[in-house]
Amino acid sequence: MKILLLHSDYIEYEVKKKTRFAEQFEGKGARIDEALVVFVSVEKGDTEETALRAVEEIRDVAGKVNSDKIVLYPYAHLSSSLADAETAVKLLRFMEEKLSDDFEVHRSPFGWYKAFKISCKGHPLSELSREIRGEEIELTQALKDEEKAKSYWYILTPDKELVDVEKFDFSNYPNLRKFVDYEIAKRRAVDQTPPHVELMKRLEIADYEEASDSGHMRYYPNGRLIKSLLEMFVTEKCIEYGAMEVETPIMYDRAHPTLRKYLERFPARQYIIKGDKRDFFLRFAACFGQFLMTAQATITYRHLPLKMYELTRYSFRKEQRGELVGLRRLRAFTMPDMHTIVRDIEEAKEEFYNQYKLSVEVLKEIGLEPDDYEVAIRITRDFYEENKDFIHSIAEVLNKPILIEMWDKRFFYFVLKFEFNFVDALDKASALSTVQIDVENAERYGITYVDSDGNEKHPMILHCSASGAIERVVYALLEKAHLSAENGALPMLPVWLSPTQVRIIPIAERHLEKAIEIAQTLNENRIRADVDDREETTAKKVRDASTSWIPYIAVIGDREIEEGVLTVTVRKESTLKGQKRVKMTLEDLMDEIKNETEGKPYKPLPMHFMLSRRPSMR
RNA sequence: GCCACGGUAGCUCAGCAGGUAGAGCGCGUGCUUGGUAAGCACGAGGUCGCGGGUUCAAAUCCCGCCCGUGGCUCCA
């Protein structure tokens, strides 16, 4: 329940119009002089208990301002989580009744649009607001702390200087400025749909699914392929880095004592699922499963650092409705989540540093260069003061200025984290890779290791998402392609992620057989090639291939067959005005693509290799 | 929750001082057998988000609801 108390000379109100929740009311309005006016929002979870506490608050304030008249004024706009009308009216009546013992109480009607005039006395106690907490289930403690946490902002320069963010010269770092503006001012002056939303639909990657909850997407064959390749890639990198891949449940008992406490410390809203006897929440990361597994394992110092990895399909976060956008922010998303158990802070720092570099490398190989993102480090002041050299060594890795957010007090479970933030075409920022040093959860989950001295100790834990959410990586790649198009290039995805890598276009029907043969050879060599066998003009086929962002378009006609070559349009080297066409043999083409996609996972074509056999998905 | 905008053919959208529903793309059929970013012709395809009201008559006006997108959620 939220209440706003105003000590007034008078209040005057007039009922205008009913809403559908309107309470029976015959009068027109009222004027009450010298009253303590209490605006009230009854919220979800409020009970008579909550109302009684509110009554006590009101009594207290009324005593202080020496007022014997109270006006209870239902006012929905104090809260974004209102109770249903029935409960609200019930509790308001209840409060009216309780207050009537000591005060002259006037209650204005619920559920009407009302015009009102109020004259507030303006002395120090004349304006007060109070929040009376009921059974609050949706908002966790961490979310509230996040609101309260006081942040200090700095830029750590490549010269290892910590500059107040106000004093930093951003003129050479426009993207960092955008990121900082977004972070600190949280300002969004944009009122257009982000470019990647249009692209994800047009390229048949993903789309909204109206039959599901907001923030849950459908992925078409192209989208599934792209996601799948990214998932495979990040997973391989983490395993290569030394992690053990595991799989854990997606839902957990809400009442589980350990999990309950962790929920309180994580700033996210959960989906709740009703089970037979217990209620469950859907996981928002792989922490629970991995921590519970680790707690049971017998671990000694010889095993450390110990890494465990899971690709979470899905993680669920019930973000506020208005925060959801395209692939940027979802309620169900796929996240690579790796946890590293380390012996002490020194080992934690070492791993943190290595995983920072791992993240840089993963993003780079995916197609996102350090220029495409901005680095943020969030840290407690103590930890910074004690580890300056270490933080500076991180700054050296990319040799670019870093945004530092510093807190006096540790509000969260970590003492240090970094994020790589992508700044999109509309100047909005969102985090990709991140690593955190967690100093709390080993103890909470009862995770221990036996040290060389024979004693059981609690380790520290690193949380790492080397690429960030897979959907968000797709978002970043699409936005990046859009940005490159604005600079005159032809937008495209990296070749290893392009659903079709080579499109074969036969000039006439008599070339079709040869075209199919070539496509088959390519596919046998793990290159995704398809054939435009539709009855369309060559120009039309080239246009369609181009608007699908296909990296290599190979035309085959009499001349090519005679010479034993292909005429290939190379997208990367073309512009809308001038297309780069090269004659090359099939072997040359295969070599070039092999080269381009080396070390990357492969999956076959997501749809039939003959275009005439392929449905349009939307 | 609040504000703005939107929901019409598979897609993108026009029509809305009330009078039998339109375009482009896509799809189907036919002609054309093509040389690098949209060949030509014909055709099929619509409970105009849902419910109520006004009217001789509603996609169009009024009321309510649902869904979507963007922003806000007041930080004095």
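Every value quoted in this text rests on a predicted model; they were computed, and no experiment measured them. All values below come from the heavy atoms of this structure, side chains included, with hydrogens, waters and symmetry mates left out. Chain identifiers are assigned alphabetically (A, B, ...) following the order of the sequence lines, protein sequences preceding nucleic acid strands; residue numbering begins at 1 within each chain.
Rounded to the nearest Å, the gap between the P atom of B:U29 and that of B:G18 is 43 Å. Nucleotides B:A9 and B:C5 are separated by 22 Å at their P atoms, to the nearest Å. Between B:G68 and B:C50, the two C1' atoms lie 15 Å apart (nearest whole Å). Using atom C1' as the reference point in both B:C67 and B:C31, the two lie 45 Å apart (nearest Å). Nucleotides B:A59 and B:C27 are separated by 25 Å at their C1' atoms, to the nearest Å. Using atom P as the reference point in both B:A14 and B:U8, the two lie 10 Å apart (nearest Å). Distance check on atom P: B:A17 versus B:C62 gives 11 Å, rounded to whole Å. Between the C1' atoms of B:G45 and B:G28, the separation comes to 10 Å (whole Å).
Residue side chain A:E536 does not reach the base of B:A38 through any donor-acceptor N/O pair under 3.5 Å, judged by distance alone. No N or O donor and acceptor, one from the side chain of A:E535 and one from the base of B:G39, sit under 3.5 Å apart.
Taking the six-membered ring where tryptophan is involved, the planes of A:F39 and A:F116 are tilted, since the angle between them lies from 30° to 60°.
Without hydrogens or angle criteria, A:E479 side chain to A:H196 main chain gives a donor-acceptor distance under 3.5 Å.
Each of B:A37, B:G34, B:A38 was ranked by its minimum atom distance to the side chain of A:K540; first place goes to B:A38. Each of B:G70, B:G35, B:A37 was ranked by its minimum atom distance to the side chain of A:V325; first place goes to B:G70. For A:V555, the side-chain atoms get nearest to B:G35 when compared with the rest of B:U69, B:A37, B:G35. Side-chain atoms of A:S546 lie closest to B:A37 of the nucleotides B:G68, B:G35, B:A37. Distance from the side chain of A:T567 is smallest for B:G35 among the nucleotides B:U33, B:G35, B:A38. Taking only side-chain atoms of A:V542, from C-beta outward, the nucleotide of B:U69, B:G35, B:A37 with the closest atom is B:A37. Taking the side chain of A:K428 as heavy atoms from C-beta on, and the options B:G70, B:G68, B:A37, the nearest nucleotide is B:G70. In the set B:G34, B:G70, B:A37, the nucleotide with an atom closest to the side chain of A:P194 is B:G70.
Within 4.0 Å (heavy atoms only), A:E560 reaches at least one base atom of the nucleic acid. If you check every strand for non-hydrogen atoms under 4.0 Å, A:D558 touches a base. Heavy atoms of A:S214 sit under 4.0 angstrom from primed sugar atoms or phosphate atoms, though from no base atom. Looking at heavy-atom distances under 4.0 Å, A:L576 makes contact with a base.
A:H216 and A:E209 are not linked by any side-chain donor-acceptor pair at a separation below 3.5 angstrom, with hydrogens and angles left out of the test. Side-chain contact check for A:S151 and A:W407: at least one donor-acceptor pair (N or O, by modelled atom type) lies under 3.5 Å. Between the side chains of A:Y152 and A:D408, at least one donor-acceptor pair of N or O atoms lies under 3.5 Å. In the model, A:Y271 has a side-chain atom that pairs as donor or acceptor with a side-chain atom of A:D213 under 3.5 Å. A:N487 and A:S484 share no side-chain donor-acceptor pair at under 3.5 Å. Judged purely by distance below 3.5 Å, without hydrogens or angles, the side chains of A:N175 and A:Y373 never pair a donor atom with an acceptor atom.
Partners of A:E198 according to the salt bridge (Lys or Arg N to Asp or Glu O under 4.0 Å) rule, which considers only residues two or more places apart in sequence or in another chain, do not exist here. Partners of A:K201 according to the salt bridge (Lys or Arg N to Asp or Glu O under 4.0 Å) rule, which considers only residues two or more places apart in sequence or in another chain, do not exist here.
Base pairing annotation: B:U33 forms no Watson-Crick or G-U wobble pair, as no partner gives both donor-acceptor distances under 3.5 Å. Under the Watson-Crick or G-U wobble criterion, with both distances below 3.5 Å, B:A38 has no partner in any strand shown. Across all strands shown, the partner of B:C56 is B:G19, judged by Watson-Crick or G-U wobble contacts whose two distances both fall under 3.5 Å. B:A9: no Watson-Crick or G-U partner with both key distances under 3.5 Å is found in any strand. Base pairing of B:C27 is made with B:G43, judged by Watson-Crick or G-U wobble geometry with both donor-acceptor distances under 3.5 Å. B:U69: Watson-Crick or G-U partner is B:A4, with both key distances under 3.5 Å. In a base pair of the Watson-Crick type (N1 to N3 plus N6-O4 or O6-N4) or a G-U wobble (N1-O2 and O6-N3), with each distance short of 3.5 Å, B:G51 is matched with B:C63.
In terms of phosphate contacts, A:S616 brings no side-chain nitrogen or oxygen within less than 4.0 Å of OP1 or OP2 of B:G26. OP1 and OP2 of B:G35 both lie 4.0 Å or more from every side-chain N or O belonging to A:T537. The shortest distance between the side-chain N/O atoms of A:K2 and the OP1/OP2 oxygens of B:C75 is not below 4.0 Å. Contact between the side-chain N/O atoms of A:K583 and the OP1/OP2 oxygens of B:G35 is not found at any separation under 4.0 Å.
Atoms CD1 (A:I507) and C1' (B:G39) sit 15 Å apart, rounded to a whole Å. Taking atom CG on A:D427 and atom P on B:G71, their separation rounds to 13 Å, with Å as the unit. A:H511 has its NE2 atom 10 Å from the C1' atom of B:G35, to the nearest Å. One atom, OH of A:Y75, and another, C1' of B:G1, lie 13 Å apart when rounded to the nearest Å. Atoms CZ (A:R559) and P (B:U33) sit 18 Å apart, rounded to a whole Å. Counting to the nearest Å, the P atom of B:C67 and the CG atom of A:L324 are 14 Å from each other. Put simply, CD on A:E513 is 16 Å from C1' on B:U33, counting in whole angstrom units. In this structure, A:D532 atom CG and B:A38 atom P are separated by 14 Å, rounded to whole Å.
Taking 90° from 0 as the syn/anti boundary, the base of B:A4 is oriented anti.
In this structure, A:S212 and A:A539 both approach RNA chain B, and ranking their closest nucleotides by distance from the 5' end singles out A:A539. Nearest-nucleotide assignment on RNA chain B puts the 5′-proximal partner with A:R534, out of A:R534 and A:I556.
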Residues A:L282, A:K318; criterion side-chain contact (heavy atoms from CB on, under 4.5 Å); working and verdict = CA-CA 10 Å; A:L282 294 180; A:K318 217 165 101 193; over 6 Å; no
Classify every nucleotide of nucleotides 4-13 of chain B by which part a protein heavy atom approaches to under 4.0 Å, writing B for the base, S for the sugar-phosphate alone and - for neither, in 5'-to-3' order.
-> ------SSS-
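Figure legend: A:K428 and A:Y182 shown without cation-pi pairing, the cationic atom not lying both under 6.0 angstrom from the six-membered ring centre and within 45 degrees of its axis.
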